[in-house]
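Notes follow the structure.
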There are 2 protein chains.
Amino acid sequence: MTSSSELENAALQAAKFERVREAHKTEVAEDYVELIDDLINVNGEARVVELAERMGVSHATVNKIVGRLQREGLVISRPYRSIFLTDEGREMAVEARRRHEIVVKFLKAAGVSPETAEIDAEGIEHHVSDETLDCLSALTGKIEI
Amino acid sequence: MTSSSELENAALQAAKFERVREAHKTEVAEDYVELIDDLINVNGEARVVELAERMGVSHATVNKIVGRLQREGLVISRPYRSIFLTDEGREMAVEARRRHEIVVKFLKAAGVSPETAEIDAEGIEHHVSDETLDCLSALTGKIEI
DNA sequence: CTGAATTTGTAGCCGTGGCTACATTTCTTG
DNA sequence: CAAGAAATGTAGCCACGGCTACAAATTCAG
Ligand SMILES: [Mn+2]
Ligand SMILES: [Mn+2]
Ligand SMILES: [Mn+2]
Ligand SMILES: [Mn+2]
């Protein structure tokens, strides 16, 4: 922390920032596969227009990102057809949703309004380690009692 | 959330993702001004080499980012000299540190190991609203009792 | 004071994720 | 079935934050 006049080890500090940069690399993929999975479950399919609408982004941007997700083996997409998840993509979606829900539940239990909880969780979810996730779950249980 | 077979309003969902994108825009600035402030307080000055070392990034990257921070009025930097914060930059640093510390303290109180708490906080800090921050502070107090 | 080491700057490259504008394909509707 | 509408694709632009390689300035020793 170093709120007192000491600077922590430089390499350790650098490792933290590297971790954050790492999280940001997978963040977009996580949000997309989670949304694609939602759309398939509810609508029967995931289409570019709806992804664009729900991500708040142009359809051109969605196209580019879906292309990358396909290169990375997370989705399958053929021209002018709807988008599917690979097994790997589905696994990522499940994992992302799990983290998302734990964070939202915790925030609500902590007294945050549902709207704010949802907003903040959308960012926080990508930065919570398994260890922290476990602690949040446990704490949610305790608070609710 | 929508764990049950319902999709939330598209515009609302889009607003959440926009918020996250917004947070990511200011994130780099926040981490840099906070670190610059730390270095000035402890070392008497902030230099490019040390920023690079502590951010885990090349000095060329630091240079580019410092240039942007200067354009945005957060720092003052003259060629081959050390880097200073403007009043606005200092305010941002103080605010960033405040959020950082609240998140770290909460995580530790929640039972997360100090190392993990520091790592996760470095990312989480940029996604917690004031409302959530207040709830985390309150909760930290309660847990510690 | 001079030469070497260190620090800083800069040029130019890359991938990502934004956008608009326009082209093409598919779907729907009369 | 043919138009027109809607969806999808693509090209080309931008800013950001990474990088390496090289140039220039500053600092430090001898
Ligand atoms: Mn998210
Ligand atoms: Mn983030
Ligand atoms: Mn941070
Ligand atoms: Mn921080």
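The basis for the numbers below is simple: all heavy atoms, side chains too, and nothing from hydrogens, waters or symmetry mates.
- Between the C1' atom of C:dT7 and the CD atom of B:Glu50 lies a distance of 13 Å, rounded to the nearest Å.
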Exercise for the section: Could you walk me through whether B:Glu95 and B:Arg98 pass the salt bridge (Lys or Arg N to Asp or Glu O under 4.0 Å) test, one step at a time? Expected result: CA-CA 5 Å; B:Glu95 176 60 20; B:Arg98 179 183 146 261; 2.9 Å; yes
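- Summarising the local packing, CZ of B:Arg19 is surrounded by 12 or fewer heavy atoms from other residues, nucleotides or ligands at distances under 6.0 Å.
- Taking atom CD of B:Glu45 as the reference point, atom P of C:dT7 lies 11 Å away to the nearest angstrom.
- No side-chain heavy atom of A:Arg54 sits under 4.5 Å from any side-chain heavy atom of A:Asp38.
- With B:Asp37 contributing its side chain and B:Val33 its backbone, the two residues share no donor-acceptor pair below 3.5 Å.
- For the pair A:Arg97/A:Glu125, no side-chain contact is recorded, criterion being any heavy-atom separation below 4.5 Å from C-beta on.
- Closest-nucleotide positions on DNA chain C for A:Glu72 and A:Arg81 were compared, and the one nearer the 5' end corresponds to A:Glu72.
- With contacts defined as side-chain heavy-atom distances shorter than 4.5 Å, the pair A:Val20/A:His127 qualifies.
- When rounded to the nearest whole Å, the span between CZ of A:Arg47 and C1' of D:dA6 equals 11 Å.
- Residue A:Ile65 contributes atom CD1, which lies 16 Å from atom P of D:dT10 at whole-angstrom precision.
- Atom CG in A:Asn63 sits roughly 14 Å away from atom C1' in C:dC19 (whole-Å rounding).
- Taking atom CZ of residue B:Arg78 and atom P of nucleotide C:dG9, one finds them 11 Å apart after rounding to whole Å.
- Regarding B:Arg71, its CZ atom lies at a distance of 14 Å from the P atom of D:dC14, rounded to whole Å.
- Separating the CZ atom of B:Arg68 from the C1' atom of C:dG9 is a distance of 19 Å, rounded to the nearest angstrom.
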Exercise for the section: Would you give a per-nucleotide map of nucleotides 19-24 of chain D, 5' to 3', where B means the base has a protein non-hydrogen atom under 4.0 Å away, S means only the sugar-phosphate does, and - means neither? Expected result: BB---B
